[in-house]
Every structure is written in C-alpha cells, then in structure tokens.
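Contents: one structure, followed by commentary.
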Amino acid sequence: MSEDQTPRPARLTAAAAVSGLEGLALVVYGVYMLVMGVLGRPENPTQAEMGGVTLIALGVLPLAAARGLLLRRSWSRGPALITHLMALIPAWTLLRASGGMIPLGMLVAAVAVSGLVLLVNPTTTQALDIRGPGARDA
C-alpha cells in the first residue's frame, strides 16, 4: 500500500499517466464545448453546454483514478479500468468513420488498450496489493 517504501513500479506510473491523459482530454474538450456553447453559435446551445458539463464531470473520474494509482490506492484500479473500457466505444465509432476521424480513433484505441494492459499487469496489481481470485491470506 502507500506506506510501503518500495519504489513505485514504472508500469503503475505509466498506467496513472494514461488515466490522467484520458481525464485531461475529457476535461479540455468539455471546457471547449462549454465555451463554444456560451460564446459560439452552436445549433443547440443548451445541448453544447450540457455536453461540456457532462464531459468535465466524466473527466474527473480518470483524474481521480490517476491520483489514486500514483498513491498506490487499490480502489483506483476499478475506475481506471472502467474509463479505459468506455474509451473503446468512441474509438470504435471513430474507426468506422471516414477521413480524418480514423487516425483519431486509432489514437483513442491505442491509449485505451495500453491503459488496460498496464492495469492488468501483475506488477501493477501487486503494487496495488490486489489479490486474484482464490488468493488466501498467509
């Protein structure tokens, strides 16, 4: 746990960085939508503003998970996993689009999959003191 004096594994730090990147991207795009809803000329200002607020709220989850991962809190793995799994949905949608959206879909998919791989890695689960199914206390 956090009281452990062993250095934080690089995979755990990388998992926190990927989660933080996803959270930051959601917050930045949410702020952009909110500002454009207020100052811009969207077709539906209320929808743009609500979408912005929603993205900002959704961005808080991976940011909190990233902080928890850095502090070696075992609870943080669940929200981080959920965030990466949920990122696969827009990635799939972007990959099925055309033109410039395909590279963006590839980027979102790569970030989500790399985050998932880092979070299920045995080094990460051990650093977070998460025991697998059937594990017993010694």
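Just so you know, residue 1 is the first one in the sequence shown, and it goes up from there.
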Exercise for review: Report the residue from Q47, R41, E43, E49 that forms a side chain to side chain contact (heavy atoms under 4.5 Å, CB included) with P45.
Suggested key: E49
Exercise for review: Quick one: pull up CG in L70 and CG in L12 and give me the separation to the nearest 0.5 Å.
Suggested key: 7.0 Å
Point to revise | Separation between CG of L69 and CH2 of W75, rounded to the nearest 0.5 Å | key: 8.0 Å
Which pair of non-hydrogen atoms, one from [X] and one from [Y], has the smallest distance, and what is that distance?
| X | Y | answer |
| --- | --- | --- |
| V111 | V18 | O-CG1, 3.5 Å |
| G30 | L55 | CA-CB, 3.7 Å |
| V108 | A91 | CG1-CB, 3.7 Å |
| E22 | A87 | OE2-CB, 3.9 Å |
| G59 | L26 | CA-CB, 3.7 Å |
| A127 | R72 | O-CD, 3.8 Å |

**Study point:** Residues S19 and H84: side-chain donor-acceptor under 3.5 angstrom
**Key:** yes
Practice item. Classify the side-chain pair R11/T125 by whether it contains a donor and acceptor separated by less than 3.5 Å. Key: no
Check your understanding: Given a cutoff of under 4.5 Å between side-chain heavy atoms of I, L, V, M, F, W and Y, with clusters grown through shared members, what are the other residues clustered with V53?
Key -> V27, V31, L34, V35, V38, L39, I56, L63
Distance-only check: which donor-acceptor pairs under 3.5 Å involve side-chain atoms of residues 92-100, not counting sequence neighbours?
| from | atom 1 | to | atom 2 | distance (Å) |
| --- | --- | --- | --- | --- |
| T93 | OG1 | I89 | O | 3.1 |

Counting distance only, does the side-chain N/O of [X] pair as donor-acceptor with the main-chain N or O of [Y] below 3.5 Å?
| X | Y | result |
| --- | --- | --- |
| R73 | L71 | yes |
| T124 | V120 | no |
| R77 | L128 | no |

